[in-house]
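Each chain gets a letter, A, B and so on, in the order its sequence line appears, and its residues count up from 1. None of these values were measured; they are calculated from a predicted model.
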2 protein chains.
Amino acid sequence: MYAIAFTQNILYGRWKYFILWYLKGTTRRYSDIKNFLGDLSQGSLTKQLRELENDGVIAREVFPVVPPKVEYSLTEKGMKLIPVLDMMEAFGKEYGEQAKSTNDNE
Amino acid sequence: MYAIAFTQNILYGRWKYFILWYLKGTTRRYSDIKNFLGDLSQGSLTKQLRELENDGVIAREVFPVVPPKVEYSLTEKGMKLIPVLDMMEAFGKEYGEQAKSTNDNE
DNA sequence: CAGAATCCGCCGCGATACTG
DNA sequence: CAGTATCGCGGCGGATTCTG
């Protein structure tokens with residue numbers, strides 16, 4: 001049961017789910033991720049990315065070019081989290097959408 | 001994709017996962033849950049339970065007896081979250097235990 | 001472009017005390 | 001036994017500024 005705590009700890013963070021979701025099956029640049037998430041600051045994003053990297057679920061590749069270029073992708077370990085995301089999305093689709101029929105603020 | 005946010009919001013909380021996990025397939029009393037989780041205070045537990053109840057994933061039944069008795073159980077909606085918990089547990093079992101062999105930083 | 005470093009506000013959570 | 005009410009802290013996340 002404490003296995004859940006381990007997983008929860010990795011995913012605990014406001015943007016972790018979205019980052020992983022966005023990296024699903026693709027490699028993304030730092031600016032792409034930031035642009036996708038939109039609302040968060042660079043400091044927060046970098047922090048979340050570092051944590052995910054430290055937990056071994058995403059990989060960070062730096063290209064030594066003049067305009068800095070850094071790409072992020074899921075590791076093997078990170079891909080194992082996709083089923084979790086899929087289950088969460090399925091649940092949200094079943095129960096979440098109907099609640100925002102005429103209400104779509106924010 | 002915002003469906004994930006919906007699910008995340010329901011599960012966001014330090015003890016939500018454990019509470020749902022503990023209620024999986026069973027009805028439990030308030031004191032049972034508290035005893036199971038151990039470390040948290042009554043105030044925190046009640047708050048988490050109220051939130052879960054408000055989100056419609058657990059049901060609360062009060063028995064009007066002299067020593068108060070309240071039982072909690074998963075609703076149909078709550079049972080739909082079990083796959084998420086199972087996926088998280090599977091991931092944690094695969095990666096969590098082996099990682100804590102000799103490494104215990106912070 | 002992709003950070004690092006710093007400061008700050010919020011609130012989630014815990015501790016405590018009190019109640020029916 | 002199962003709460004409610006209040007207070008306070010710690011830590012996450014956000015905003016800003018500065019770098020290579």
**Q.** Shortest non-hydrogen contact from B:M88 toward A:I4
**A.** CE-O, 4.1 Å
**Q.** Proximity of A:F36 and A:F18 rings by center, below 6.0 Å
**A.** no
Q: Measure from NZ or CZ of A:K69 to the centre of the six-membered ring of A:F63, then state whether that distance is under 6.0 Å and the direction lies within 45° of the axis.
A: yes
Q. Can any side-chain N or O of B:K16 pair as donor or acceptor with the backbone N or O of B:Y12 at less than 3.5 Å?
A. yes
Q.
For chain B and DNA chain D, what are the first and last nucleotides along the strand, 5' to 3', with at least one atom under 4.0 angstrom from a heavy atom of the protein chain?
A. D:dC1 to D:dG13
Q | Expected output: side-chain A:T27 to main-chain A:S73 donor-acceptor under 3.5 Å | A | no
Q) Do the side-chain N or O atoms of A:Y12 get closer than 4.0 angstrom to the phosphate oxygens (OP1, OP2) of C:dC13? A) yes
Q. Where along residues 21-37 of chain B does a heavy atom fall under 4.0 Å from DNA chain C?
A. none
Can you tabulate the close N/O pairs, meaning under 3.5 Å, that link protein atoms to atoms of nucleotides 6-9 of chain C?
none

Q | Euclidean distance, atom CD of residue A:E53 to atom C1' of C:dG3 [Å, nearest integer] | A | 12 Å
**Q.** side-chain hydrogen bond (donor to acceptor under 3.5 Å, both in side chains) between B:T7 and A:Y17, worked out
**A.** CA-CA 11 Å; B:T7 309; A:Y17 294 91; over 6 Å; no
Q: Strictly below 4.0 Å, heavy-atom distances to any atom of DNA chain D: list the hits from residues 45-52 of chain A, or just say none.
A: A:K47, A:Q48
Q: Measure the distance from CD on B:Q42 to P on C:dT19 and round it to the nearest whole Å.
A: 15 Å
Q) Rounded to the nearest 0.5 Å, what separation is found between the CZ atom of A:F6 and the OH atom of A:Y2? A) 16.0 Å
Q: To the nearest 0.5 Å, tell me how far A:I58 CD1 sits from A:L74 CG.
A: 8.0 Å
**Q.** Note, A:L49 side chain near A:I33 side chain (heavy atom, < 4.5 Å)
**A.** yes
Q) Can you check the B:L40 CG to C:dG12 P distance for me, whole Å? A) 16 Å
Q. Do A:Q42 and A:Y30 come close enough that some side-chain heavy atom pair is under 4.5 Å?
A. yes
Q: Output all residues satisfying side-chain hydrogen bond (donor to acceptor under 3.5 Å, both in side chains) with B:Q8, sequence neighbours left out; order by chain, then residue number.
A: none
Q: Name every residue in residues 63-72 of chain B that has at least one heavy atom under 4.0 Å from any atom of DNA chain D, in order of residue number, or write none if there are no such residues.
A: B:P68, B:K69, B:V70, B:Y72
Q. Nearest heavy-atom pair of B:I82 and B:K24: which atoms, and what distance?
A. CD1-CG, 3.4 Å
Q) Is a side-chain N or O of A:R28 found less than 3.5 angstrom from the main chain of A:Y22, in a donor-acceptor match? A) yes
Q) Any sub-3.5 Å donor-acceptor pair from B:K34's side-chain atoms to B:L45's backbone N or O? A) no
Q: Considering non-hydrogen atoms only, spot the tightest contact between A:K77 and A:V57 and give its length.
A: CG-CG1, 4.2 Å
